[in-house]
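One structure below.
Predicted model only: the values in this text are computed from it and were never measured. All chains are named by letter (A, B, ...) in the order of the sequence lines, taking the proteins before the strands, and each is independently numbered beginning at 1.
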There are 2 protein chains.
Amino acid sequence: MSEATRAPVARALSVLEAMNAAHSLHLGDIAARAGLPKSSAVRLLDQLIEAGYVEKLSRSAGYRLTSRVQRLSWGFRLSDAVVEAAEPLMRDFTKEYRWPLFIGVVDGDQMIVRYGTVAESPVAIDPLVYEAPSPFLLGALGQAYLAFCPDWERKLIVARLGRSRRSIDQPAKNPEEFEKILRGIRRRGYALTSGGLRQMKRGMPKRASDARQRVTGMAVPVMRGDRVLACLSLRYMHAVISEQEVATTHLEPLRELAREVERTTRQMTTAGSGKRE
Amino acid sequence: MSEATRAPVARALSVLEAMNAAHSLHLGDIAARAGLPKSSAVRLLDQLIEAGYVEKLSRSAGYRLTSRVQRLSWGFRLSDAVVEAAEPLMRDFTKEYRWPLFIGVVDGDQMIVRYGTVAESPVAIDPLVYEAPSPFLLGALGQAYLAFCPDWERKLIVARLGRSRRSIDQPAKNPEEFEKILRGIRRRGYALTSGGLRQMKRGMPKRASDARQRVTGMAVPVMRGDRVLACLSLRYMHAVISEQEVATTHLEPLRELAREVERTTRQMTTAGSGKRE
DNA sequence: TCCCATTATTCCGTTGAACGGAACGACCTC
DNA sequence: GAGGTCGTTCCGTTCAACGGAATAATGGGA
């Protein structure tokens, strides 16, 4: 067995990838693209056929993917790609500037924090809670989103929040005041947490509660065209550094980070989707 | 080994499917959804991580898909799903009505025949050539497409064909005359082959050349909203049956077939993409 | 029509990877 | 700090993966 190092699972997946690179392939092509001996390719293709991901047209026409392959990735969305692209870049940022970063995306009618660089920051503020919802209107993430998203999308979200019963969503019921706030955000280029003391999170270690502080988020958008893919928020403590100071020293690096995330996401989602064959 | 019957490849793919059904899963959930013992799920997840399709967040946050899963299906398009949905239905149709059917989709600037029920038809007319291009303007498939597609799309295609040097694309240079033809197609609900004797196809058996006949296609669209996903063409011989007769006896079943393909395609492409978790 | 080059398919002995029950360890809750 | 839940690791058994080589089918050309 010459290639005993690579597991059959990985080989089968590379067969699928090879087939995505060009439809209706002949065995020889598939085997060559996947880098496998033909007899191995046949065996793997048989398994994929058995499992329903591939079908065989005829000897001469070769093989073809079936719609079942979509089940392997339909749950992966653009917002997941953004988060994936952002994570290593966010870690680098926090190692350099110390303050922790968080990234949030819209999910339905709320803003969800998908990742944070708590582990990299020497300043322990919040524990990292994956998938934690963030208040749309009071949080920096949500405000940045609303300030920079297209008009039609903002109208949809605000209308939905306006029907909400939660007090936290009430600002949506005062549209002109709220629009004024958003104009300010667009002018400055960043959003800030409004509302005061952050509420304690469940599961927070006892020691940290002693460090209960005024914590503010400064958020900027990650764009794609006119859409907001996600927002990045830098969380800092009032008592240590002022808004003015943060804006002067950290805002431009934060914006550069957002641009870098935009570039990386674009690469991730366009690579390989060009011409086929 | 209790479940030795299912190959590791199939099990790994069911893990991926399970993960698509809900993001950020814990091991227990994944194992349960995929129907596997936990130790097996771990082993398969390790392989998927090794291959770069999955990443592990933390013990508590569980696992997550990476953008690499998109490589497993990006080559599969909506038009492939239509063809896949149509094939068995087309075979049933030909078994009942004898005449062969063909399905074509647009691919760039040409119409491509993606499947035909030659094997099921007792009337051997053409051999089935997968991926064979069909002339846009003279063939029934292309004419049906142009007649029923949205205006903006038709303008794009006709403009592109108008720049063509091939004589076969010349009708595009007489727009008002051509538009009149299309209006007729929309009124009748079907397109017919224009141009006379079909040219011989490469690879056609010698015997069949004796049966060189006037062959006509009668094509109807498969729609999704205002878009044409594909066109179905019934190919019959002038010498045996007249257009009038075909329209009377076969047109309505052909239209019903198109509607059934529309329904099946919709199911295939929306199933599982509803709510998650 | 026959022949040859090309490509797909099948076979088979060897071997290593997959398997899962069970023991272990970490974490959270009460 | 005790109990329970969930993730992790271990290990001997067994079966499926492996690919070179022989065979079969195909299609194109003379």
Worksheet item: How long is the gap from OG1 on A/Thr216 to CH2 on A/Trp99, to the nearest 0.5 Å?
Response: 10.0 Å
Please state how far atom [atom1] in [X] lies from atom [atom2] in [N], giving the value in whole angstrom units.
{"X": "B/His26", "N": "C/dC27", "atom1": "NE2", "atom2": "P", "result": "14 Å"}
{"X": "A/Leu36", "N": "D/dG19", "atom1": "CG", "atom2": "P", "result": "7 Å"}
{"X": "A/Lys38", "N": "D/dA25", "atom1": "NZ", "atom2": "C1'", "result": "12 Å"}
{"X": "A/Ile49", "N": "C/dT9", "atom1": "CD1", "atom2": "C1'", "result": "13 Å"}
{"X": "A/Leu13", "N": "D/dA17", "atom1": "CG", "atom2": "C1'", "result": "16 Å"}
{"X": "B/Asp46", "N": "D/dG7", "atom1": "CG", "atom2": "C1'", "result": "12 Å"}
{"X": "A/Leu25", "N": "C/dT7", "atom1": "CG", "atom2": "P", "result": "14 Å"}
{"X": "A/Leu45", "N": "D/dG19", "atom1": "CG", "atom2": "C1'", "result": "15 Å"}

Item to complete: Could you check A/Leu27 against A/Val9 and say which one's nearest nucleotide on DNA chain C is further toward the 5' end?
Response: A/Leu27
Candidate nucleotides [options], ranked by approach to the side chain of [X] - the nearest:
{"X": "B/Ser39", "options": "C/dC19, C/dG20, C/dT9", "result": "C/dG20"}
{"X": "A/Pro8", "options": "D/dA17, D/dT8, C/dT9", "result": "D/dA17"}
{"X": "A/Tyr63", "options": "C/dA18, C/dT9, C/dA8", "result": "C/dT9"}

[X] vs [N]: side-chain N/O to OP1/OP2 distance below 4.0 Å:
{"X": "B/Arg43", "N": "C/dA17", "result": "no"}
{"X": "B/Lys56", "N": "D/dT8", "result": "yes"}
{"X": "B/Gln47", "N": "C/dA17", "result": "no"}
{"X": "A/Arg59", "N": "D/dG27", "result": "no"}
{"X": "A/Arg11", "N": "D/dA16", "result": "no"}

Between [X] and [Y], does any side-chain N to carboxylate O distance fall below 4.0 Å?
{"X": "B/Glu17", "Y": "B/Arg11", "answer": "no"}
{"X": "B/Asp80", "Y": "B/Arg77", "answer": "yes"}
{"X": "A/Glu120", "Y": "A/Lys95", "answer": "no"}

Practice prompt. For salt bridge (charged side-chain N to carboxylate O under 4.0 Å, His left out), just list the numbers for A/Glu50 and A/Arg68, CA-CA rounded to whole Å, side-chain angles, deciding distance to a tenth of an Å, and then say yes or no.
Written response: CA-CA 12 Å; A/Glu50 178 84 14; A/Arg68 178 141 197 165; over 6 Å; no
Worksheet item: Want to settle it: does A/Ser60 or A/Ser40 sit nearer the 5' end of DNA chain D, counting the closest nucleotide to each?
Response: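 Mapping each residue to its closest nucleotide by heavy atoms, the 5'-most match is A/Ser40.
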